[in-house]
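Let me begin by presenting the structure, written as structure tokens, before commenting on it.
First the proteins, then the strands, lettered A, B, ... as listed; each starts at 1. Computed from heavy atoms alone, side chains included, the values below leave out hydrogens, waters and symmetry copies.
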2 protein chains.
Amino acid sequence: MAIEKKSQRDSLIWAAAKLFRRQGYSGTGLRDILAASGVARGSLYHYFPGGKEQIGAAAVTAAGGLVTETFAELAKQADGPADFLRCYTALLVRWLEASDFQDGCPITTTLLETTPGSTAIGDAGRAVFADWGEVMADMLAQADWPQDRIAPMATAIIAGLEGALLLARVQGTVQPIHDTVAALCTLLEPTAA
Amino acid sequence: MAIEKKSQRDSLIWAAAKLFRRQGYSGTGLRDILAASGVARGSLYHYFPGGKEQIGAAAVTAAGGLVTETFAELAKQADGPADFLRCYTALLVRWLEASDFQDGCPITTTLLETTPGSTAIGDAGRAVFADWGEVMADMLAQADWPQDRIAPMATAIIAGLEGALLLARVQGTVQPIHDTVAALCTLLEPTAA
DNA sequence: AATATTATGACGACTGGTCTACATATAATA
DNA sequence: TATTATATGTAGACCAGTCGTCATAATATT
């Protein structure tokens with residue numbers, strides 16, 4: 001379900017997602033998206049009568065969903081929350097460096113630009129964050145965390161990752177990611193003091 | 001030094017900062033900035049020959065500096081790092097709710113949109129984050145934190161706050177801030193288990 | 001009076017997103 | 001098979017908006 005059939009519609013969505021992540025939502029014109037996807041101008045409004053906003057929402061959903069899948073798979077394989085974080089960190093660092101710190105979180109920029117102006121994009125973003133939170137919560141539950149501390153901790157993990165990714169991108173170093181993850185891991189393994 | 005004399009130059013900077021925070025950098029036209037500041041088009045290029053990018057950098061520096069001052073003052077008054085975080089949280093929550101979740105971090109959106117494309121804006125952002133980190137580090141040092149854990153923790157705090165603010169804005173709730181700050185406070189007060 | 005500094009708004013080359021009208025392909029119906 | 005019907009894809013016009021430049025006017029400073 002991740003990489004769908006290469007219809008024009010999907011070409012548009014993924015081209016948009018890529019560009020939005022690097023240049024932001026407002027900074028990306030429909031021209032860019034069309035050029036990157038090789039789709040003709042008029043076809044866009046055939047697939048997305050809602051125009052740019054609808055493409056934005058679809059891009060957030062698609063890119064966010066890909067991250068959700070990565071999270072879920074990693075959570076299954078990892079040996080507890082702390083190990084999960086370290087594995088994900090490794091991926092993150094590789095992606096960041098491979099793109100010369102151009103590819104950060106695929107949805108934050110778009111969401112910050114359009115919140116709370118666009119309800120469609122906002123809804124898509126909230127749904128994605130909810131999915132991520134659920135994966136984290138399941139993982140914490142499986143590590144026998146106390147029920148009442150699961151939801152807050154899941155949120156804190158996502159917040160920490162998002163913030164660290166932002167700092168890393170701006171500073172052009174992966175150090176903030178390591179620092180933040182180290183702090184999170186301290187919380188996740190209270191045993192190893 | 002916070003609210004400078006009301007010259008045209010400063011009017012432009014603060015109008016730009018306000019608009020960039022709410023609508024993003026690309027989403028804000030010079031038109032909007034000029035209208036909001038009541039300055040004529042040509043005057044803009046008198047004060048900022050570098051055009052929009054230079055205004056962006058100036059806005060990041062100005063808005064970021066204001067936050068630095070708030071941090072510094074709060075750090076002086078607060079009773080330790082955890083108390084500092086709780087006080088700042090109270091401010092943050094008030095600002096967010098007062099603006100109907102429109103006013104988030106005044107520099108993140110602009111930075112995400114322009115990094116690493118614009119070196120001028122990027123440099124301004126890095127300088128601001130460095131200042132913030134220094135305030136946090138000083139505070140941790142005064143709380144007798146071990147030297148080698150100060151810098152990472154300072155980064156983790158900023159990352160957590162940034163991420164929490166992002167989530168709060170998108171979700172339209174202040175809950176993520178409380179959750180994240182609670183986690184950070186657990187790290188800052190290892191005594192109260 | 002002569003010279004900097006500050007301030008101005010019209011202009012141009014271009015891009016923004018959106019729309020309407022048209023062409024083709026696939027499928028359903030008669 | 002012939003004829004609709006529906007989905008898919010295309011082309012270009014449209015105007016408000018983008019940023020930046022310029023020649024000029026008003027004001028300060030010497």
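- Here D:dA11 is the nucleotide among D:dG20, D:dA11, C:dT8 with the atom lying nearest to any side-chain atom of A:A40.
- Not a single donor-acceptor pair under 3.5 Å links the side chain of B:T109 to the backbone N or O of B:C105.
- Look at A:Y45 and you won't find any side-chain N or O under 4.0 angstrom from OP1 or OP2 of C:dC19.
- Within 4.0 Å of A:S26, counting heavy atoms only, lies no atom of the nucleic acid at all.
- For the pair A:Y25 OH and C:dG16 P, the interatomic distance rounds to 13 Å; values are reported in whole Å.
- Distance from the side chain of A:D32 is smallest for C:dG16 among the nucleotides C:dC11, C:dG16, C:dT18.
- One interatomic measurement links the two molecules: CZ of B:R31 to C1' of D:dA16, which rounds to 8 Å at whole-angstrom precision.
- Seen from the ring of B:F71, B:K76 does not count as a face-on cation partner, given the 6.0 Å and 45° thresholds.
- A:G29 comes within 4.0 angstrom of the backbone, heavy atoms only, and of no base.
- One atom, CD of A:E53, and another, C1' of C:dG17, lie 13 Å apart when rounded to the nearest Å.
- Atom NZ in B:K52 sits roughly 8 Å away from atom P in D:dG20 (whole-Å rounding).
- A donor-acceptor pair is defined here as one N or O able to donate and one able to accept, closer than 3.5 Å; no such pair exists between the side chain of B:S43 and the backbone of B:V39.
- You'll find that the side chain of B:R41 is closest to C:dG9, out of C:dG9, C:dG17, D:dT10.
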What pairs of nitrogen or oxygen atoms, one from the protein and one from nucleotides 23-30 of chain D, lie under 3.5 Å apart?
none

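- In the set D:dG20, C:dG17, C:dT6, the nucleotide with an atom closest to the side chain of B:L30 is D:dG20.
- When atom types are taken as modelled, the side chain of A:T173 and the backbone of A:Q171 share a donor-acceptor pair closer than 3.5 angstrom.
- Minimum interatomic distance between A:G27 and A:D32 (heavy atoms only, all atoms of both residues): O-OD2, 4.2 Å.
- Taking atom CG of A:L12 as the reference point, atom P of D:dT10 lies 10 Å away to the nearest angstrom.
- The CG atom of A:L34 sits 12 Å away from the C1' atom of D:dT10 (whole-angstrom rounding).
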Given pairs defined as Watson-Crick or G-U wobble with both distances under 3.5 Å, what dot-bracket annotation applies to DNA chain C, with ( ) intrastrand, [ ] crossing, | other strand and . unpaired?
-> ..||||||||||||||||||||||||||||
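- Using a distance-only test at 3.5 Å, with no hydrogens or angles considered, a donor-acceptor pair links the side chain of A:R169 to the main chain of B:L112.
- Side chain to side chain, A:Q175 and A:D179 meet the donor-acceptor criterion of an N or O pair below 3.5 Å.
- OP1 or OP2 of C:dT8 sits under 4.0 Å from a side-chain N or O of B:S43.
- Between the B:K52 side chain and the B:T28 main chain, a donor and an acceptor come within less than 3.5 Å of each other.
- Rounded to an integer number of Å, the gap from A:L44 CG to C:dG16 P is 13 Å.
- Comparing B:G50 and A:G38 along DNA chain D, the residue whose closest nucleotide (by nearest heavy atom) sits nearer the 5' end is A:G38.
- Residue A:E113 comes nearest to A:Y25 through the heavy atom pair OE2-N, 2.5 Å, listed as atom of the first residue, atom of the second, then distance.
- Put simply, NE2 on A:H46 is 14 Å from P on C:dT26, counting in whole angstrom units.
- Under a 3.5 Å cut-off, the side chain of B:S118 and the backbone N or O of B:T114 do not form any donor-acceptor pair.
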